Protein chains: 2
Amino acid sequence: MRVSRKQAEENRELVLKTAGKLFRERGFNGIGVADLMRAAGLTVGGFYNSFDSKDDLMAQACQMLIDDINNKWLGHIADPKIEDPYQRIGRTYLSKANRDNPGQACMFNTLASEVPRHQPELKQIFSDGTLTLIEHLATMMQGENDADRKNKAIATFSQWVGAQVLARATAGSALSEEILDVAKSTTNIT
Amino acid sequence: MRVSRKQAEENRELVLKTAGKLFRERGFNGIGVADLMRAAGLTVGGFYNSFDSKDDLMAQACQMLIDDINNKWLGHIADPKIEDPYQRIGRTYLSKANRDNPGQACMFNTLASEVPRHQPELKQIFSDGTLTLIEHLATMMQGENDADRKNKAIATFSQWVGAQVLARATAGSALSEEILDVAKSTTNIT
DNA sequence: ATTATCTATAGATCTATAGATAATGC
DNA sequence: ATTATCTATAGATCTATAGATAATGC
């Protein structure tokens, strides 16, 4: 029954990844610890070896999801093969594929509105994460100075988040695609 | 124990109003039927006389909350004492008071991201409600034609929703107020 | 010997229903 | 007689823990 330390660490990471997907798909309250462990191919008893509590898992999963976005964006910015990282990021962010697959898309669209109801640690992770994302976005914006670029990044990110939230809430109607299209044109995504 | 039909109808409406507040404060899964009835000064047994199920309550509460926004906006538009209804609406929407009191603010900020996970009836209510809100907002926008005004309304509403979601997720940090301020200036609210 | 994971379960929820109660409305 | 609401509870969750098991790592 016992597995190697390496395997145990891999299991912990698998649980984190599974949680990241299922929290985005079903919300923090929409997936229980036992079902989550089963989805990762494990059983509930092992959970508390890796995590102090479900709250601890939520915090770790959110930190991981924010790091994933940051690393993806930084990778795009650094990649010489990607000519215009801002276009690439915005096109993906506002795609119908992202709208229809919340489990793979930006966590802010699905989980940000639940954050204020949870523990301070989680709020801190979201606060810090939002700031970092906006700073990265700001480096890709055109503007006269840093403050101007930051403001543009804030406007752009708010628009993106709001558009995906509303596009999902109206999915199936013509309005849903209009919302994504308008967000693209407002934020200069072609 | 039995009350008059008038009183029973008033009780039903009180439960709806209480649900509207608590769903916005805690999410659909954050408040149970028994606690909700207690908050309304009643007990759980009476709930199923007024509602078929918790899903039914969610649908009715969301419809009521959307109607409330619509009626408030239409009232502002029709009120001769309000010089610029768009300014009035936007200033309230993006206020810190709204950020800090989700139980009294626009349901889209708190509940829209949960909608895709629930029953089709709820999705339909949100779809229809979003379209109606955008149409009302469009009448207050400046633009060359109907399509132009509708696009501006879509951009504005997405921006408002995204800004409040992010402002709440970052509440307590300086960024939170910056997000609200940027949304105001982007959507021409002074 | 240590420990990662397993099965089983305690105790606290949650939705929904059953049957009793007492006031309304014919 | 009817019925809106009450108390009590069934049955299904959910988080977390206890103790057993069997493989790792000294």
Side-chain angles (χ1 to χ4, degrees), chain A residues 1-62 111 114 117-122, chain B residues 1-62 111 114 117-122:
Chain A
M1 285 194 165
R2 184 182 176 189
V3 300
S4 71
R5 280 180 196 159
K6 183 158 167 289
Q7 182 62 51
E9 173 56 21
E10 280 171 18
N11 286 349
R12 198 192 71 92
E13 280 165 24
L14 177 62
V15 171
L16 259 187
K17 268 203 193 335
T18 309
K21 179 165 174 280
L22 292 175
F23 283 152
R24 281 180 287 177
E25 284 177 357
R26 311 187 197 177
F28 290 127
N29 291 331
I31 177 73
V33 174
D35 283 339
L36 165 69
M37 291 301 277
R38 197 175 311 125
L42 297 161
T43 59
V44 64
F47 179 80
Y48 294 89
N49 261 35
S50 304
F51 304 98
D52 292 341
S53 62
K54 192 184 176 187
D55 269 355
D56 179 37
L57 169 72
M58 283 158 51
Q60 288 197 44
C62 285
L111 298 175
E114 296 193 37
R117 305 194 289 256
H118 289 96
Q119 39 153 5
E121 286 77 3
L122 197 62
Chain B
M1 287 193 165
R2 184 181 177 190
V3 300
S4 71
R5 279 180 197 158
K6 184 158 166 290
Q7 182 62 52
E9 173 55 20
E10 279 171 18
N11 285 349
R12 197 192 72 92
E13 280 165 24
L14 176 62
V15 171
L16 260 187
K17 267 203 195 333
T18 309
K21 177 164 174 283
L22 292 175
F23 283 152
R24 280 180 287 176
E25 283 177 357
R26 311 187 196 178
F28 290 127
N29 292 331
I31 177 74
V33 173
D35 283 338
L36 165 69
M37 291 300 278
R38 197 175 310 127
L42 297 162
T43 59
V44 63
F47 178 81
Y48 294 89
N49 260 36
S50 304
F51 304 97
D52 291 341
S53 61
K54 192 184 176 187
D55 269 355
D56 179 36
L57 168 72
M58 283 158 51
Q60 288 196 45
C62 286
L111 298 175
E114 296 193 37
R117 305 194 289 256
H118 289 96
Q119 39 153 4
E121 285 78 4
L122 196 63

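Chain letters run A, B, ... following the sequence lines, proteins first and then strands; every chain starts at 1. Here the structure is a predicted model, which is why all the values come from computation and not from measurement.
Regarding contacts with the backbone of D/dT5, a side-chain N or O of B/N11 is found under 4.0 angstrom from either OP1 or OP2. The shortest distance between the side-chain N/O atoms of A/Y48 and the OP1/OP2 oxygens of D/dA16 is below 4.0 Å. Between A/N49 and C/dT3 there is no side-chain polar atom (N or O) within less than 4.0 angstrom of OP1 or OP2.
The CD atom of A/E114 sits 6.0 Å away from the CG atom of A/L111 when rounded to the nearest 0.5 Å. Expressed to the nearest 0.5 Å, how far OG1 of B/T18 lies from CG of B/L42 amounts to 8.5 Å. Between the CG atom of B/L122 and the CG atom of B/D56 there is a distance of 11.0 Å, given to the nearest 0.5 Å. The line from CD of A/Q119 to OG of A/S53 is 6.5 Å long, rounded to the nearest 0.5 Å.
In terms of position along DNA chain C, the nucleotide closest to A/G41 lies nearer the 5' end than the nucleotide closest to the other residue of the pair A/G41 and B/S53. Nearest-nucleotide positions on DNA chain D place B/V44 closer to the 5' end than the other of B/V44 and A/G45. In terms of position along DNA chain C, the nucleotide closest to B/F28 lies nearer the 5' end than the nucleotide closest to the other residue of the pair B/F28 and B/R5.
Relative to the side chain of B/D35, the nucleotides D/dC6, C/dT5, C/dC14 differ in distance, and C/dC14 lies closest. With C/dA8, D/dA4, C/dT5 as the candidates, the nucleotide lying closest to the side chain of B/V3 is D/dA4. The side chain of A/K54 lies closest to D/dA16 when the candidates are D/dC6, D/dA16, D/dA4.
Following rounding to the nearest Å, A/F51 (CZ) and C/dA4 (C1') show an atom-to-atom distance of 14 Å. As rounded to whole Å, 14 Å separates atom C1' of D/dT7 from atom CG of B/L42.
Pairing of D/dC14, defined by two Watson-Crick or G-U wobble distances under 3.5 Å, is identified with C/dG11. Look at C/dA23: its Watson-Crick or wobble partner, with both distances under 3.5 angstrom, is D/dT2.
Residue side chain B/R2 does not reach the base of C/dT21 through any donor-acceptor N/O pair under 3.5 Å, judged by distance alone.
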